[in-house]
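For clarity, every value in this text was computed on a predicted model and none was experimentally measured. Quick note: residue numbers are just sequence positions, from 1.
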Amino acid sequence: MNSYLESNARERIHGLLDKGTFEEFLPPEMRLVSPHLAQLDAPVSFDDGIVIGQGLLCGTRIFAAAQEGGFMGGAVGEVHGAKLVGLLKRAIAENVAAVILLLDTGGVRLHEANAGLIAVSEVMRAVLDARAAGIPVIGLIGGSNGCFGGMGIVARCTNAIVMSEEGRMAISGPEVIETANGVEEFDSLDRALVWRTTGGKHRYLLGDCQTLIADDTAAFRQAAYDAMQACIETGAELTLTALESEQRLLENRLHEFSTHTEPMDIWHQLGIPNPEIVPMLEAQAFSEYAAQYRLGA
């Protein structure tokens, strides 16, 4: 097994695509770096923390982007966001089969303030534009930074999300919640609670992600291909019917679970017979055990 969690952005994108087919756009030697970080005397990265390019996925030409969580937690600044937007716009212009986003990010790069916030909003629009053009956008989440902040919203704008159990997704990260509301509200050092609240299993049960897999690059590759094929068969565009269905799902979650503070109570209410065993199950065993209880199934 090749751990997706322990790989860096380039290892992940090369492992995702057919061997030897990845061609990077704006490669490292171009040194397209943030214009803001140097002014703050902050370190820069030769690729601004994101790898973009094209290649083959099981013989099908796609575009892909992989965020490097090792540089500023995969945070999105002006250049980082522009590379993502440019990739999605080029995907529309060249009508590729799909765009795969390997997300590993804490959200907006606070050093770049409004430039980062604008960049994330532009990425959201670009994802929806790609979908409107009939190009599926698939999000993969399994890195150590998870997918938080504005990029959590970007992820939910995609056609489908594939997560590992180790992947995490939310709007606000545990440390942010604790800082804003106190440790009594959320203890970010309680790692078991953090994973129960934001981890892949919980997101799968709430209907936020469509597929839960093991922490294995080959498993992400196969799941990305399967998700792409499903989107090609059903259509990529976000329809009014789908949007209304998503709204009902969220309203139902708010109505049913708003008084719960412990994810295990939610799992119990969903009908899972023994929710206490959920954290101990491997990905495949969990999916077989819990699939019938997940929202949106």
Side chain to side chain, Pro43 and Leu37, heavy atoms closer than 4.5 Å: no
Counting only N and O atoms by type, is there a donor-acceptor contact under 3.5 Å from the side chain of Asp48 to the main-chain atoms of His80? yes
Joint hydrophobic cluster, Leu101 plus Ile92, side-chain heavy atoms closer than 4.5 Å: yes
Heavy-atom nearest pair, Pro279 first then Glu276, reads CD-O, 3.5 Å
Take atom CZ of Arg125 as the centre, draw a 6.0 Å sphere, and report whether it contains more than 12 heavy atoms from other residues, nucleotides or ligands. no
With no hydrogens and no angle check, is any side-chain donor or acceptor of Arg131 less than 3.5 Å from a backbone partner on Ala236? yes
Would a hydrophobic clustering, with Ile, Leu, Val, Met, Phe, Trp and Tyr connected at side-chain separations under 4.5 Å, put Val278 with Trp195? no
Point-to-point distance, once rounded to the nearest 0.5 Å, from CD of Gln222 to CG of Asp216: 11.0 Å
Any side-chain heavy atom of Leu281 sitting closer than 4.5 Å to one from Glu165? no
State the CG-CD1 distance between Leu84 and Ile50, to the nearest 0.5 angstrom. 3.5 Å
Taking everything shown except Glu282 itself, do over 12 heavy atoms lie less than 6.0 Å from its CD? no
Where do Phe220 and Val162 come nearest, in terms of heavy atoms and distance? CE2-O, 3.9 Å
Heavy-atom nearest pair, Ala119 first then Gly81, reads CB-CA, 4.0 Å
Flag the pair Leu250 / Arg253 as yes when at least one side-chain heavy-atom distance between them is below 4.5 Å, and no otherwise. yes
Of all heavy-atom pairs between Ala97 and Pro136, which one has the smallest distance, and what is that distance? O-CD, 3.1 Å
Do any N or O atoms from the side chain of Gln54 and from the backbone of Glu23 form a donor-acceptor pair under 3.5 angstrom? no
Non-hydrogen side-chain atoms of Asp265 and Gln269 separated by less than 4.5 Å: no
Side-chain donor or acceptor of Glu237 paired with backbone N/O of Thr239 under 3.5 Å: no
Is the backbone N or O of Ala223 less than 3.5 Å from a side-chain atom of Thr211, with the two atoms forming a donor-acceptor pair by type? no
For Gln67 and Val76: C-alpha separation, side-chain torsions, deciding distance, then whether side-chain contact (heavy atoms from CB on, under 4.5 Å) applies. CA-CA 9 Å; Gln67 294 179 298; Val76 178; 3.7 Å; yes
N/O donor-acceptor pair under 3.5 Å between Lys83 side chain and Asp47 backbone: yes
How many angstroms lie between atom NE2 of His268 and atom CD of Glu262, to the nearest 0.5 angstrom? 12.5 Å
Going by atom types alone, do Ser34 and Glu112 pair a side-chain donor with an acceptor below 3.5 Å? yes
Begin from the C-alpha positions of Ile213 and Tyr4 and carry the test side-chain contact (heavy atoms from CB on, under 4.5 Å) through to its verdict. CA-CA 11 Å; Ile213 57 175; Tyr4 185 94; over 6 Å; no
Worked verdict on Cys209 versus Ile141 for side-chain contact (heavy atoms from CB on, under 4.5 Å): CA-CA 10 Å; Cys209 84; Ile141 302 173; over 6 Å; no
Heavy atoms, side chains only, cut-off 4.5 Å: are Gln210 and Ile161 in contact? yes
d(Thr259 OG1, Leu254 CG) to nearest 0.5 Å is 10.5 Å
Backbone N/O of Leu205 and side chain of Arg294: donor-acceptor pair under 3.5 Å: no
Has Gln284 got more than 12 heavy atoms of other residues, nucleotides or ligands less than 6.0 Å from its CD? no
Kindly indicate whether the side chain of His36, heavy atoms from C-beta on, has any atom under 4.5 Å from the side chain of Arg109. no
Is there side-chain contact between Gln229 and Asp226, with at least one heavy-atom pair below 4.5 Å? no
Looking at residues at least two apart in the chain, or sitting in another chain, which of them share a salt bridge (charged side-chain N to carboxylate O under 4.0 Å, His left out) with Arg12? Asp104
Considering all heavy atoms, the nearest Cys147-Met151 contact: SG-O, 3.2 Å
I want to check something: taking the side chain as every heavy atom from C-beta on, are Ile135 and Phe63 in contact at a cut-off of under 4.5 Å? no
Does Leu40 sit in a hydrophobic cluster with other residues, and if so which ones, taking ILVMFWY side chains as linked at heavy-atom separations under 4.5 Å, directly or through other members? none
Out of curiosity, does Met124 fall in the hydrophobic cluster containing Ile52 (side-chain heavy atoms, cut-off under 4.5 Å, transitive links)? yes
Do the rings of His202 and Trp267 sit parallel, tilted or perpendicular, given the 30° and 60° boundaries? tilted
Could you tell me whether a side-chain N or O of Glu11 sits under 3.5 Å from a main-chain N or O of Asn8, the two making a donor and an acceptor? yes
Can a donor-acceptor pair be found, under 3.5 Å and without considering hydrogens, that links the side chain of Thr105 to the backbone of Gly74? yes
With a 4.5 Å cut-off on side-chain heavy-atom distances among I, L, V, M, F, W and Y, is there a chain of contacts connecting Leu103 to Val108? yes
As a quick check of understanding, evaluate side-chain contact (heavy atoms from CB on, under 4.5 Å) for Ile62 and Tyr225, giving each step before the final call. CA-CA 10 Å; Ile62 65 159; Tyr225 177 75; over 6 Å; no
Once rounded to the nearest 0.5 Å, what's the spacing between atom CG of Asn274 and atom OH of Tyr289? 4.0 Å
Within a 6.0 Å radius of atom NE2 on His14, are there more than 12 heavy atoms belonging to other residues, nucleotides or ligands? yes
In this structure, would Leu17 and Met228 fall into the same cluster of hydrophobic residues linked by side-chain contacts under 4.5 Å? yes
Which heavy atom in Ser7 sits nearest to a heavy atom in Asn2, and how many Å separate them? OG-OD1, 3.9 Å
Mark yes or no for whether Asp215, through its side chain, and Ser3, through its backbone, hold a donor-acceptor pair below 3.5 Å. no
Hey, could you give me the CE/CG distance between Met72 and Asn145, rounded to the nearest 0.5 Å? 13.0 Å
